[in-house]
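Excluded from the calculations below are hydrogen atoms, water molecules and symmetry mates; all remaining heavy atoms, backbone and side chain alike, are included. Labels below follow one simple rule: chain letters A, B, ... track the order of the sequence lines, proteins then strands, and each chain is numbered from 1.
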Number of protein chains: 2
Amino acid sequence: MRLSTRTRYGIRAMLELAENVGRGPLQLKIIARRQDISVKYLDQLMAILKSAGFVRSVRGSKGGYMLAKAPEQIKLSDVFNCLEGPVVTVECTENENYCARSADCVARQVWTQLQEAVTAVLQSITFKDLVDRTKNNKTVDYQI
Amino acid sequence: MRLSTRTRYGIRAMLELAENVGRGPLQLKIIARRQDISVKYLDQLMAILKSAGFVRSVRGSKGGYMLAKAPEQIKLSDVFNCLEGPVVTVECTENENYCARSADCVARQVWTQLQEAVTAVLQSITFKDLVDRTKNNKTVDYQI
DNA sequence: ATAATATACTACTAATGTCGTAGGAATAAT
DNA sequence: ATTATTCCTACGACATTAGTAGTATATTAT
């Protein structure tokens with residue numbers, strides 16, 4: 001149940017883009033520097049996110065990346081699923097015929113419960129929500 | 001977020017033991033046959049479960065394994081944690097100082113939410129609950 | 001005693017996935 | 001042209017998983 005850096009980095013990169021909406025393309029090296037991620041590695045993650053349709057890119061000088069949709073239209077579950085793969089993958093939860101015991105299997109019921117719990121959290125949060133949370137955090141900083 | 005077979009097999013083995021409470025030690029090969037797991041692999045899993053104090057063993061002929069505590073006293077979260085490791089491990093959720101951004105990091109907040117959701121499910125279920133569920137399933141079978 | 005049965009322990013391995021690094025090609029702005 | 005950037009492919013070190021194999025040790029049955 002360990003989260004891969006692929007997922008963690010990818011979501012943090014998406015968050016940078018979400019915070020940059022309306023300001024044109026954001027460059028890889030900027031994201032990488034801010035989030036302390038290897039540029040070359042992030043390069044590959046962005047390719048995944050791009051082919052999944054979450055971001056679009058502008059090539060050449062002054063280029064960079066931006067969100068392909070509005071932050072409120074991108075759920076965390078979408079990006080998570082793209083980078084980390086299906087939540088709590090146990091074959092039998094998705095394929096009834098994978099195992100003869102499926103119908104009665106209480107273990108399978110538990111995995112399904114877990115899956116639903118995680119999915120519920122991730123589906124309830126959009127990147128707009130995260131940007132808003134960040135702003136709140138910043139405000140608190142100023143008050144101190 | 002894929003569950004290892006170690007965790008899945010281990011929990012299913014524990015469930016066999018839970019269903020066998022009061023009937024003396026249950027042998028590895030029986031568990032392995034019923035659950036369709038390699039005896040030798042299960043051997044190693046039981047060693048983990050034993051050193052964690054969830055099961056105890058009887059060596060020699062007529063030996064086998066049994067639960068070290070009553071089924072209602074063993075939470076799924078305990079066994080899960082033992083086999084799979086900490087739920088949703090991201091260093092920063094457990095160690096505030098792991099990353100300078102920790103305090104304000106919205107990504108970290110999300111990982112914490114996930115962690116709590118999964119933990120809540122696993123902590124709410126004991127092996128007695130699972131045994132009861134199995135009985136209910138069996139009853140349904142008879143009605144059909 | 002001896003044989004049979006079971007756990008206990010250690011070592012090994014093949015396959016896979018993760019987390020990058022490296023190098024260059026394509027594209028666009030200056 | 002030069003510079004800055006994305007795009008693409010290949011490679012590699014490392015860790016983990018999911019076992020297999022063999023032997024030692026303990027207990028019971030004969």
statement: note: B:Q35, atom CD; D:dA18, atom P; distance rounded to Å ~ 16 Å

message: I'd like to know if the side chain of B:R6 reaches the main chain of B:L83, judged simply by a donor and an acceptor atom lying under 3.5 Å from each other, with no hydrogens or angles considered.
response: yes

field: Rounded distance (Å) that lies between atom P of C:dG17 and atom CE of B:M1
entry: 18 Å

field: Nucleotide C:dT7, atom C1' - distance to NZ of B:K50 in whole Å
entry: 8 Å

- request: Report the residue (A:R8 or A:V58) whose heavy-atom-nearest nucleotide on DNA chain C is the more 5′ of the two.
  value: A:R8

- request: Indicate whether OP1 or OP2 belonging to C:dG20 is found under 4.0 Å from a side-chain N or O atom of A:Y9.
  value: yes

- request: Could you tell me the separation between the CD1 atom of A:I37 and the P atom of C:dT18, rounded to a whole number of Å?
  value: 17 Å

query: Is there side-chain contact between A:S4 and A:E84, with heavy atoms separated by less than 4.5 Å?
result: yes

message: Between B:T7 (side chain only) and B:L3 (backbone N and O only), is there a donor and an acceptor less than 3.5 Å apart?
response: no

- prompt: Does A:S4 make a side-chain N or O approach to OP1 or OP2 of C:dG17 shorter than 4.0 Å?
  reply: no

task: Determine whether any donor atom in the side chain of B:Q44 lies under 3.5 Å from an acceptor atom in the base of D:dT17, or the reverse, and answer yes or no.
output: no

- request: Evaluate salt bridge (Lys or Arg N to Asp or Glu O under 4.0 Å) for A:D132 paired with A:K128, printing each intermediate quantity in order.
  value: CA-CA 6 Å; A:D132 291 346; A:K128 178 173 189 303; 3.1 Å; yes

- prompt: Counting side-chain heavy atoms from C-beta on, which of D:dC8, D:dT6, C:dA29 comes nearest to A:D43?
  reply: D:dC8

- request: Kindly point out which of C:dA6, D:dC7, C:dT7 is positioned nearest to the side chain of B:K29?
  value: C:dA6

- request: Could you say whether A:T7 or A:G60 is positioned toward the 5' end of DNA chain C, judged by the nucleotide with the nearest heavy atom to each?
  value: A:T7

- prompt: Does A:K40 make a side-chain donor-acceptor contact with the base of C:dG24, cut-off 3.5 Å?
  reply: yes

task: Name the closest nucleotide to the B:K62 side chain, picking from D:dT28, D:dC7, C:dT7.
output: D:dT28

message: Starting the side chain at C-beta, find the nucleotide from C:dT7, C:dC19, D:dC7 nearest to A:T5.
response: C:dC19

Residue met sooner reading DNA chain D from 5', once A:S61 and B:S38 are mapped to nucleotides: A:S61

Rounded distance in Å - CD1 (A:I48) to P (D:dC8): 13 Å

message: Can you say whether a donor on the side chain of B:R59 sits under 3.5 Å from an acceptor on the base of C:dA6, or the other way round?
response: no

task: Decide yes or no on salt bridge (Lys or Arg N to Asp or Glu O under 4.0 Å) for B:R108 and B:E96, but give the supporting numbers first.
output: CA-CA 10 Å; B:R108 182 169 176 264; B:E96 175 95 17; 3.3 Å; yes

message: Any donor-acceptor pair under 3.5 Å linking the side-chain atoms of A:T134 with those of A:E19?
response: yes

- prompt: B:R2 CZ to C:dG17 P: how many Å, rounded?
  reply: 9 Å

- prompt: Rounded to the Å, how far apart are B:L3 CG and C:dG17 C1'?
  reply: 16 Å

- prompt: Roughly, in whole Å, what's the span from OH in A:Y41 to P in D:dG12?
  reply: 19 Å

- line: Looking only at D:dG19, C:dT7, D:dT5, the nucleotide nearest the A:Q27 side chain is D:dT5

